[in-house]
Amino acid sequence: MLTLPLDRESHLPLQLQIFQYYFQAIQHGDVLRGDKLPSIRELAQRLNVAKITVVMAYEKLVSAGLIKSRQGIGYEVVFATPMRNIPFHAISDTGSPPAKPEPAGISTDVYAEASREYYCRLGIPDPNAFPWSSWRKWNNAPTALKEQLFTQYHSPNGLLSLREQVVRYLNLSRGINCNPESIIITNGIQEGLSLLSQIFITHYTIRHKKKCHIVTESPCYSGAWHLFNYHGATVTAIEVDKNGLCTDKLPESDTQLCYVTPAHQYPMGGTLSLERRKILLTWALRVGAYIIEDDYDSAFSYGENPLPPLKTMDFHDRVIYMGTFSKTLGPGARLGYLICPDELLPTLHTIKALNNNGSQWLLQQFLADLMQNQVFYTHLSKLACDYALRLTLLRDGLSSLFTEGEIDGACAGLHLSLRLPWSQDRVTQLRQRCLLAGVRFDTLQEIENGSETPWRKNNQDGVMFFGFGGLQVQQLRKVLSVLEQEMRALLPL
């Protein structure tokens, strides 16, 4: 007789535990076709559960086609093809061990475990950012198109309906003129970086017998920094200041890629000046580089006249523009896009197809419909107003508390940086005290990845980062209150 253990402390209902137990036993051949299961009364008494619990478990097994109720007999197993366990004797000769690949660097600013503190996390939108009411209404209306989206393969480059709407959106919001054929829908910006790493770093190294050279910002987004290094590129990090990448330090050597976040430098928050944008584009022409413009959160701009993207200033097709809906819908949507120079399109089309054949077609169509009927723009406008209020509250509060500090990043995006003429030890002390009081923020030390080394050589200030997208106004007031309280406790130091 099989022993069925029940875990009454588990979050899994007892009926599902019974179902899963017999499902596995039947699939693995521990219970064979023709065998009878205990009666409902017998099993309920044996397990000390209500009879309805056993009834519901058995009904699930019947629905799964594993058992059948026979009049006067009870429940009988009808599943006829259990897995076969084939005896296998290990070979005595050990042979050569398999290859053991090295892991890539850990991107702590990309993902962190959930915590109970009020976490001023970088890059996180409002928890209610996704338009659930629109999704429910759209999702609950069955159509033939939705069936096709789920049961058939579609273009790996993305649905034409969404690419057409992205063209319109970029023209309205960023002044970028492009066509749907130049756009590839990706699983967020990270996949776009991965595709570019494959065609530039890996392919370039094999073809030219030398390493691909990439220029990045210092500090740099971990998702890009670790990816470029893991693929084996030679990476040169150039420090940033409040005006973005210090273009006077760009190397005059053969370079294939330059990765920048000009609208809202990640993580320091500066904006690349117009003059430096021109210098960067001229430099790219001179050294033969493509520029990756990561426009990750500029959907939320708080200045009166935001500077034009590099893509709008690019008359030589050297800029690869990257965008995402992670900040406007949520990271769970896993939808981003690339605007690619014509020379790269054939290669990127094929590598995208080889990687995953496409990105969530159903969500693509939902977003396309949301953008077409203007709901997306209303949604975006509301979010922008909410974020502007939080930004103002946080900026003014930090300015009042840290009068000797310098705040950056208030022109766009979902986070601010605060530079202070403090030692790293003092910044760490403040952070630890705030953690104990239920407030969490990151410093450069928490998100360091190696790219910050050039920046640190010329900057000794302490740096703190405050994301405000994922916190409500009342929570931000609590953050400021705790900061003030713990600041006072540190004043004698």
Side-chain angles (χ1 to χ4, degrees), residues 1-91 98 111 113-114 116 127 130-154 187 330-335 356-366:
M1 180 183 295
L2 294 175
T3 303
L4 198 167
L6 290 181
D7 182 1
R8 298 181 187 274
E9 301 297 322
S10 172
H11 68 279
L12 197 66
L14 296 179
Q15 56 160 300
L16 287 181
Q17 293 186 45
I18 297 170
F19 165 75
Q20 290 182 359
Y21 176 81
Y22 278 112
F23 183 94
Q24 184 175 5
I26 294 170
Q27 290 278 349
H28 289 184
D30 297 324
V31 182
L32 299 173
R33 182 178 184 179
D35 289 349
K36 297 177 181 58
L37 298 190
S39 69
I40 293 171
R41 182 191 299 273
E42 178 188 350
L43 189 59
Q45 290 177 345
R46 188 195 308 171
L47 299 177
N48 192 25
V49 299
K51 286 193 286 186
I52 188 61
T53 301
V54 179
V55 169
M56 294 175 74
Y58 278 7
E59 285 179 352
K60 285 182 171 62
L61 292 168
V62 171
S63 298
L66 301 179
I67 65 174
K68 188 173 183 179
S69 177
R70 298 191 184 280
Q71 188 72 26
I73 296 177
Y75 288 93
E76 181 180 308
V77 176
V78 294
F79 184 71
T81 55
M83 298 182 204
R84 291 193 298 165
N85 291 321
I86 301 174
F88 177 77
H89 300 286
I91 300 171
Y111 171 75
E113 293 289 344
R116 294 183 178 180
F130 191 81
W132 290 109
S133 59
S134 297
W135 166 256
R136 283 190 289 269
K137 182 178 179 181
W138 185 89
N139 193 47
N140 289 339
T143 65
L145 175 59
K146 291 178 190 173
E147 293 176 2
Q148 292 174 5
L149 290 171
F150 238 100
T151 59
Q152 297 180 19
Y153 286 98
H154 301 270
N187 293 309
R334 302 314 306 136
L335 287 176
N356 51 34
N357 263 330
S359 305
Q360 306 198 61
W361 293 304
L362 193 68
L363 268 177
Q364 285 188 48
Q365 187 59 51
F366 165 66

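All figures in this text were calculated on a predicted structure; none of them were measured in a lab.
Residues Gln24 and Gln20 fail the side-chain proximity criterion, which asks for heavy atoms closer than 4.5 Å. Inter-residue side-chain proximity for Val31 and Phe79 is flagged as unmet; no heavy-atom pair is nearer than 4.5 Å. In this structure, the side chains of Trp138 and Thr143 stay at 4.5 Å or more apart for every pair of heavy atoms. You'll find the side chain of Tyr22 reaches within 4.5 Å of the side chain of Leu43, heavy atoms only.
For the atom pair CD1 of Ile26 and CG of Leu37, the computed distance is 5.5 Å after rounding to the nearest 0.5 Å. Rounded to the nearest 0.5 Å, atoms OG (Ser39) and CD (Gln45) are 7.5 Å apart. In this structure, the separation between CH2 on Trp361 and CD on Gln148 is 12.5 Å, given to the nearest 0.5 Å. Once rounded to the nearest 0.5 Å, the distance linking CZ of Phe150 with CD of Gln365 reads 13.5 Å. To the nearest 0.5 angstrom, Gln364 atom CD is 6.0 Å from Leu335 atom CG. Here the CD1-CG distance, from Ile67 to Asp35, works out to 12.0 Å after rounding to the nearest 0.5 Å.
Within 6.0 Å of the CZ atom in Arg334, the count of heavy atoms belonging to other residues, nucleotides or ligands exceeds 12.
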Could you please spell out the steps behind the side chain to side chain contact (heavy atoms under 4.5 Å, CB included) verdict for Leu12 and Asp7?
CA-CA 8 Å; Leu12 197 66; Asp7 182 1; over 6 Å; no
May I have the step-by-step check of side chain to side chain contact (heavy atoms under 4.5 Å, CB included) for Phe23 and Leu16, ending in yes or no?
CA-CA 10 Å; Phe23 183 94; Leu16 287 181; over 6 Å; no
Would you please test Leu4 and Gln17 for side chain to side chain contact (heavy atoms under 4.5 Å, CB included) and show each step?
CA-CA 9 Å; Leu4 198 167; Gln17 293 186 45; 5.7 Å; no
Verify side chain to side chain contact (heavy atoms under 4.5 Å, CB included) between Leu32 and Val77, making sure each step is shown before the conclusion.
CA-CA 7 Å; Leu32 299 173; Val77 176; over 6 Å; no
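For the residue pair Ile73 and Lys36, the shortest heavy atom distance occurs at CG2-CE, 3.2 Å. Closest approach of Val78 to Gly65, counting heavy atoms only: CG2-O, 3.6 Å. Leu47 approaches Leu6 most closely through the heavy-atom pair CB-CD1, 3.9 Å.
Contacts of Asn48 classified as side chain to side chain contact (heavy atoms under 4.5 Å, CB included), with partners at least two apart in sequence or in another chain: Arg8. For His28, the ring pair (Phe, Tyr, Trp, His ring centres under 6.0 Å) criterion is met by no residue, not counting sequence neighbours.
Using bins of under 30°, 30° to 60° and over 60° for the plane-to-plane angle, the ring pair Trp135/Phe366 lands in the perpendicular bin.
For residues 52-72, the set of pairs meeting the side chain to side chain donor-acceptor pair (under 3.5 Å) definition, not counting sequence neighbours, comprises Gln15-Lys60, Arg70-Glu76.
Judged by distance alone, the side chain of Asn140 and the main-chain N or O of Arg136 form a donor-acceptor pair under 3.5 Å.
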